[in-house]
Amino acid sequence: MQQNKIEQSSVVGAAELVPIVKGSHVYLVDGSGYIFRAFHALPPLTRPSDGLPVGAVHGFCAMLWKLLRESKASEAPTHIAVIFDAGRETFRNDIYPKYKAHRPPPPEELLPQFPLIRDAVKAFNVACIELDRYEADDLIATYAREAVNAGGDVTIVSSDKDLMQLVRPGVTMFDGMKAKRIGRDEVIEKFGVPPEKVIDVQALSGDSVDNVPGVPGIGIKTAAELISTYGDLDTLLARAGEIKQPKRREKLIEFAEQARISRQLVLLKEDVPLEIAIDALGVRDPEVDALLGFLRAMEFSTLTKRIAEGLGAEAPPPLAISVGASLKSKAQSTSDKIEALAEEEAFEGATPAAAVAAGTAIARAKAIDRSKYETITTRTRLEEWVRKAGQTGYVAFDTETTDLDATRADLVGISLAVAPGEACYVPLGHTGPSNDLFGGADNRPPQLPITEALDVLRPLLEDPSVLKIGQNIKYDALVMKRYGIDVTPFDDTMLISYALDGGRNAHGMDVLAERHLGHACMTFAQAMGQAPGAKKSEKTFAAMPLDKATEYAAEDADVTLRLWKVLKPRLAAEHVTTVYEMLERPLVPVIVAMEHAGIKVDRDILARLSSAFAQRAVRLEEEINGLVGHKFNLGSPKQLGELLFDRLKLPGGKKTKSGQWETRANLLDELAANEELDGDARRLINTMLEWRQISKLRSTYTDALPEFIDPSTGRIHTSYALASTTTGRLASSDPNLQNIPIRTKEGREIRTAFIADKGMKLVSADYSQIELRVLAHVADIPQLKKAFADGLDIHAMTASEMFGVPVKDMPGEVRRRAKAINFGIIYGISPFGLANQLSISREEASDYIKTYFQRFPGIRDYMEATKKHAHAHGHVETIFGRKIHYPEINTKNPSMRGFLERAAINAPIQGSAADIIRRAMIRMPGAIEKAKLDSARMLLQVHDELVFEVAEADAQKLIDVARRVMETAGEPAVKLSVPIHVDAKAAYNWDEAH
DNA sequence: CTACGTACGTA
DNA sequence: GTACGTACGTAGG
């Protein structure tokens with residue numbers, strides 16, 4: 001959300017084109033190179049309030065500012081761009097697949113800084129450029145060539161030796177960190193040859209970091225000597241036989257081709273198809289508010305001040321309380337405090353543990369007192385609160401509405417909190433108690449008109465320099481979006497808690513308040529009171545009197561702020577900042593957009609199905625009644641169980657733990673397959689199963705879904721819970737669109753009711769076998785990895801390994817069993833469960849498992865290691881570092897322990913897959929925008945599937961984009977050692993698209 | 001009206 | 001054997 005704002009401003013400035021002429025000076029900054037160098041060369045720096053690593057961001061901002069403002073007039077840039085590497089795969093991998101293959105992933109502290117630096121570039125109103133399949137170096141080479149051709153000068157801001165080949169008349173390099181120019185002489189000093197021969201030297205010497213092979217045994221020194229003697233690489237290779245040293249001669253002859261490939265790898269491409277013309281890179285003034293807002297949000301106070309002065313603007317007040325700083329300056333005066341804050345860049349910060357302690361102390365210092373909250377009904381008081389929040393730099397924020405469903409909720413009020421105990425409530429849509437049929441319009445309490453209040457609040461809620469803190473802020477953001485307000489930037493205490501304590505506790509506000517503040521929140525029911533007569537469903541917040549509403553609403557904001565104080569510092573202390581910043585927080589605006597978009601549903605199709613199902617159910621019911629001889633409630637498992645096992649005395653009955661007969665579908669299936677049963681009994685059971693299926697489809701889907709269609713748009717807006725599962729998966733509700741039927745013919749018909757809008761298509765893209773691929777990767781199983789690399793049928797391969805059956809002409813039953821075992825492994829297999837699934841004996845299942853582990857000992861080792869880790873640490877982790885806690889895993893209760901162990905085995909696999917698709921979703925809007933697919937929107941997520949809507953003509957293009965984003969979603973943090981495959985299809989309804 | 005168990009839809 | 005949400009019947013307030 002913050003990015004959007006900054007992007008807009010840079011787009012505005014991009015309108016004017018400045019052609020390159022003689023005297024133009026183009027600065028091309030190697031962004032990726034700078035990030036790595038700054039990260040390793042500069043001392044680590046963390047944001048005081050939350051410990052987010054920002055050292056590279058700081059170094060980058062300081063360097064960029066210096067370039068823009070402090071270079072000598074003769075060297076001042078007329079054009080400037082910062083250029084980044086787009087992704088891991090480039091055209092060089094087509095030439096040489098192993099190029100840069102051994103690069104380890106960037107360190108954890110660096111990951112959150114990549115997007116921040118892109119934001120920084122935009123905040124400076126400087127063009128931020130990257131292009132898929134090309135490295136930053138190629139873009140730099142291309143821009144440099146264009147600039148020189150047009151008569152301009154070029155400064156490449158980088159110290160990367162790979163760029164030295166570009167130095168020539170008109171092109172120099174500048175080391176942004178050492179503030180040192182690199183010209184022809186410096187290149188000769190480094191390589192022993194002039195710039196135009198650098199690639200020949202590199203082709204010989206290779207580069208172990210980039211995995212450029214070169215010629216073994218030849219380093220830069222020897223290479224330079226050889227090239228100087230023979231003139232260039234081709235001549236050298238042609239005349240290699242003349243070389244005196246025998247070793248060197250042999251190597252050069254043997255590896256001649258490898259040297260030529262190496263030259264191709266190091267040679268920069270000077271004719272990249274540019275998306276942004278060089279004329280569009282003209283230097284623009286920064287947009288003051290956006291830039292200072294960004295710097296302040298990073299909490300660089302000295303730099304903010306310096307840049308503010310340079311821009312002739314007032315420095316914004318620093319964020320009031322960095323936890324560590326406030327600790328340090330406890331007994332100081334306000335002015336001392338501000339002075340202390342001004343030095344916070346030098347301030348190393350309290351230890352993370354001390355920051356946590358301080359935050360907790362602040363949050364708990366003042367008791368929660370509902371009588372102290374202010375009700376705001378005048379513009380002046382509201383403006384005063386907005387000013388206070390602006391000065392503080394953060395504000396807890398909560399909305400009260402008429403409905404729990406944000407896509408249909410109307411705003412009733414907004415509460416704010418700026419410090420523990422300092423909270424207010426702004427009523428906006430209270431109707432007063434409704435004692436009559438007219439909604440009590442006459443009793444409407446005095447309130448600020450909603451449009452006026454929102455006009456005052458909007459600048460605060462959209463202020464890039466003020467952090468808005470919410471508890472499940474997705475809800476509030478969605479409500480505010482419908483009132484035209486973008487809440488940005490934000491933190492979410494629910495998501496912070498989820499990153500910290502997933503598996504330890506739930507993350508609703510009442511649970512968190514109880515756990516972290518020892519406070520029992522006022523419940524909604526308490527606030528509403530037990531007004532007699534009124535039905536609960538008709539009680540909305542709008543009817544609540546203002547005094548009660550203020551106590552309830554302002555308490556929520558107060559509690560949210562206190563929770564933030566307690567929880568935020570823990571992110572850094574417990575090493576999950578990256579999880580929060582990379583997997584949780586950026587997902588919020590994406591989900592808001594998806595929920596807001598909704599999916600079109602054809603009411604008529606559902607209605608038709610519903611009545612067809614109803615007729616069929618009646619027929620089946622009559623048939624059953626005929627067979628049984630009397631009526632009974634088919635929907636009652638209790639009555640059915642008694643009928644089948646007590647009255648008809650059918651064999652094979654099992655009881656549930658509450659002593660009831662079990663009547664689950666797969667049990668009835670087996671019963672019906674029993675040859676000894678008489679025909680009527682089997683007919684009864686089969687009819688019963690059919691009735692259940694049809695009734696389920698009708699009640700859960702065809703009858704229920706139309707109720708969720710928004711009458712004005714014809715679309716269904718589900719709600720995604722971001723913090724309700726233990727593993728990191730999302731959950732969908734109201735309605736749940738993650739369990740729309742697909743397995744049976746009747747069920748699939750329901751999917752045909754999910755349709756694309758006029759002129760549009762639905763695109764469904766789903767990961768193939770993502771969890772098994774994750775398993776192959778994390779457990780490092782050679783056969784599985786090979787099978788995926790070769791694109792084999794993984795279940796057939798498993799069967800073949802286990803039973804020695806060739807894959808060709810394998811009986812379906814054999815493959816089915818192997819498939820069940822593969823799933824069983826993911827679920828933390830047990831003989832009991834496998835036996836149940838396959839309807840075989842426990843002994844047989846036990847044998848299967850034994851055979852499996854003999855064939856894949858690595859899987860057993862992985863499972864044992866996971867269990868051990870869980871017992872030792874109380875948690876397991878996904879490949880992205882998400883922690884899933886199992887505090888009870890050492891319980892003495894064997895069946896419970898077994899359950900938790902299986903869950904702990906499953907969690908890293910399911911959770912890693914969930915993290916991968918989260919990353920894909922986070923990147924998707926940007927990728928769609930970059931591909932100029934304006935018509936495309938992401939609508940749904942079903943664990944391993946994403947559903948989009950797109951103009952018919954763009955469907956194929958979207959498929960390409962979605963597939964690329966999904967298949968590379970783990971990178972660069974994690975590159976799986978198996979390929980990831982995504983299937984995608986477009987059609988006019990969900991059934992055909994899947 | 002709520003809480004729980006059972007059944008069943010999805011990945 | 002993992003992870004969910006919803007509908008329904010039933011027991012108890």
Side-chain angles (χ1 to χ4, degrees), chain A residues 502-503 525 530 535-537 632-641 655-668 688-689 691-705 707-708 718-721 724-744 746-748 750-751 766-772 775 820-838 842 845-846 848-849 863 876 884 895 898-911 913-914 917 940-945 994:
Chain A
Q530 275 76 32
K535 278 193 207 149
K536 179 150 193 220
S537 55
F632 76 105
N633 187 346
L634 306 200
S636 164
K638 186 162 176 271
Q639 291 181 37
L640 178 67
K655 295 220 170 167
T656 67
K657 62 180 161 211
S658 65
Q660 257 195 51
W661 291 110
E662 209 180 342
T663 63
R664 291 187 347 263
N666 66 357
L667 191 135
L668 294 189
M688 191 63 218
L689 282 168
W691 180 89
R692 275 201 182 154
Q693 191 210 355
I694 298 304
S695 304
K696 174 82 176 176
L697 293 177
R698 192 162 79 97
S699 66
T700 309
Y701 302 103
T702 57
D703 281 357
L705 287 173
E707 306 285 322
F708 286 98
T718 184
S719 173
Y720 287 102
S724 79
T725 69
T726 45
T727 54
R729 274 192 178 181
L730 305 184
S732 156
S733 66
D734 310 296
N736 180 354
L737 296 187
Q738 290 179 323
N739 71 343
I740 302 302
I742 192 165
R743 289 176 195 179
T744 66
E746 290 86 351
R748 267 203 304 280
I750 291 166
R751 289 198 170 218
D766 66 296
Y767 284 107
S768 149
Q769 310 280 12
I770 184 74
E771 294 190 354
L772 275 175
L775 174 69
I821 293 166
N822 275 333
F823 277 104
I825 293 295
I826 292 173
Y827 299 153
I829 205 153
S830 81
F832 184 85
L834 184 65
N836 238 347
Q837 177 67 31
L838 287 176
R842 213 162 327 157
S846 204
Y848 280 177
I849 296 170
M863 290 172 74
V876 293
I884 297 143
S895 73
F899 172 76
L900 291 173
E901 284 171 350
R902 289 192 298 275
I905 287 167
N906 170 259
I909 303 167
Q910 190 185 113
I917 198 166
L940 302 178
Q941 188 251 41
V942 191
H943 308 310
D944 63 0
E945 173 190 12
H994 189 81

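A, B, ... follow the sequence lines: proteins, then strands. Residue 1 opens every chain.
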(message) Between Arg729(A) and Glu771(A), does any side-chain N to carboxylate O distance fall below 4.0 Å?
(response) yes

(message) Rounding to an integer number of Å, can you tell me how far Gln941(A) CD sits from dT10(B) C1'?
(response) 12 Å

(request) Give the rounded distance in Å between these two atoms: CZ of Arg698(A) and P of dG9(B). (result) 16 Å

(request) Indicate, with a heavy-atom threshold strictly under 4.0 Å, whether Ala904(A) touches base, sugar-phosphate, or nothing. (result) nothing

(request) Give the first and the last nucleotide of DNA chain C, reading 5' to 3', that has any atom under 4.0 Å from a heavy atom of chain A. (result) dG1(C) to dT10(C)

(message) So Thr725(A), base contact, sugar-phosphate only, or nothing? Heavy-atom distance under 4.0 Å.
(response) sugar-phosphate

(message) If the condition is side-chain contact (heavy atoms from CB on, under 4.5 Å), which residues does Leu838(A) pass it with, not counting sequence neighbours?
(response) Arg816(A), Arg817(A), Ala820(A), Leu834(A), Ile840(A), Tyr848(A)

(message) Mind checking if Ser695(A) touches a base, just sugar-phosphate, or nothing, with heavy atoms under 4.0 Å?
(response) nothing

(message) So, using side-chain contact (heavy atoms from CB on, under 4.5 Å) as the criterion, who are the partners of Ala903(A) when residues are at least two apart?
(response) Tyr886(A)

(message) In whole Å, I'd like the distance from the CG atom of Asn739(A) to the C1' atom of dG9(B).
(response) 5 Å

(request) Answer with base, sugar-phosphate or nothing: what part of the nucleic acid does Phe823(A) contact at a heavy-atom distance below 4.0 Å? (result) nothing

(request) Kindly confirm or rule out a cation-pi arrangement of Lys638(A) over Trp661(A), judged by NZ or CZ under 6.0 Å from the six-membered ring centre and within 45° of its axis? (result) no

(request) Classify the nucleic acid contact of Ile826(A) as base, sugar-phosphate or nothing, counting any heavy atom under 4.0 Å across all strands shown. (result) nothing

(message) Within the structure provided, determine whether Gln693(A) and Leu689(A) are in side-chain contact (heavy-atom separation under 4.5 Å).
(response) no

(request) Mind calculating the distance between CD1 (Ile917(A)) and C1' (dA11(B)) to the nearest angstrom? (result) 10 Å

(message) Is the phosphate of dA11(B) approached by Arg743(A) (side-chain N or O, under 4.0 Å from OP1 or OP2)?
(response) yes

(message) Classify Arg729(A) by what it touches in the nucleic acid, base, sugar-phosphate, or nothing, heavy-atom distance under 4.0 Å.
(response) base

(message) If I take atom CD from residue Gln660(A) and atom CG from residue Leu640(A), how far apart are they, to the nearest 0.5 angstrom?
(response) 10.5 Å

(request) Could you check how far CG of Asn906(A) sits from P of dA11(B), rounded to whole Å? (result) 16 Å

(message) Can you list everything that forms a ring-ring contact (aromatic ring centres under 6.0 Å, His included) with Tyr767(A)? Sequence neighbours excluded, please.
(response) none

(message) At 4.0 Å (heavy atoms only), tell me whether Gly824(A) reaches a base, stays on the sugar-phosphate, or touches nothing.
(response) base

(message) Nearest 0.5 Å, please: how far is CG in Asp766(A) from NE2 in His994(A)?
(response) 5.0 Å

(request) Would you indicate what Ile905(A) reaches in the nucleic acid, counting non-hydrogen atoms under 4.0 angstrom: base, sugar-phosphate, or nothing? (result) nothing

(request) Scan Ala721(A) against the nucleic acid and name what it touches under 4.0 Å (heavy atoms): base, sugar-phosphate only, or nothing. (result) nothing

(request) Have a look at Ile740(A) and say if it touches a base, only the backbone sugar-phosphate, or nothing, with a 4.0 Å heavy-atom cut-off. (result) sugar-phosphate

(message) Once side chain to side chain donor-acceptor pair (under 3.5 Å) is applied, what residue pairs with a partner in residues 820-837 of chain A remain, sequence neighbours excluded?
(response) His795(A)-Asn822(A), Thr798(A)-Asn822(A)

(request) Mind checking Arg692(A) for me? I need base, sugar-phosphate or nothing, with any heavy atom below 4.0 Å counting as a touch. (result) sugar-phosphate

(message) Using a 3.5 Å limit for the pairing distances, which stems of at least 3 consecutive Watson-Crick or G-U wobble pairs does DNA chain C take part in?
(response) B:1-11 with C:2-12

(request) For Gln639(A), answer base if it contacts any base atom (sugar-phosphate contacts may also be present), sugar-phosphate if it contacts only those atoms, and nothing otherwise; contact means non-hydrogen atoms under 4.0 Å. (result) sugar-phosphate

(request) Could you tell me the separation between the CD1 atom of Ile750(A) and the C1' atom of dG9(B), rounded to a whole number of Å? (result) 9 Å

(request) Hey, could you give me the CZ/CG distance between Phe632(A) and Leu634(A), rounded to the nearest 0.5 Å? (result) 5.0 Å

(request) Nearest whole angstrom, please: distance from the C1' of dT10(B) to the CD1 of Ile742(A). (result) 9 Å

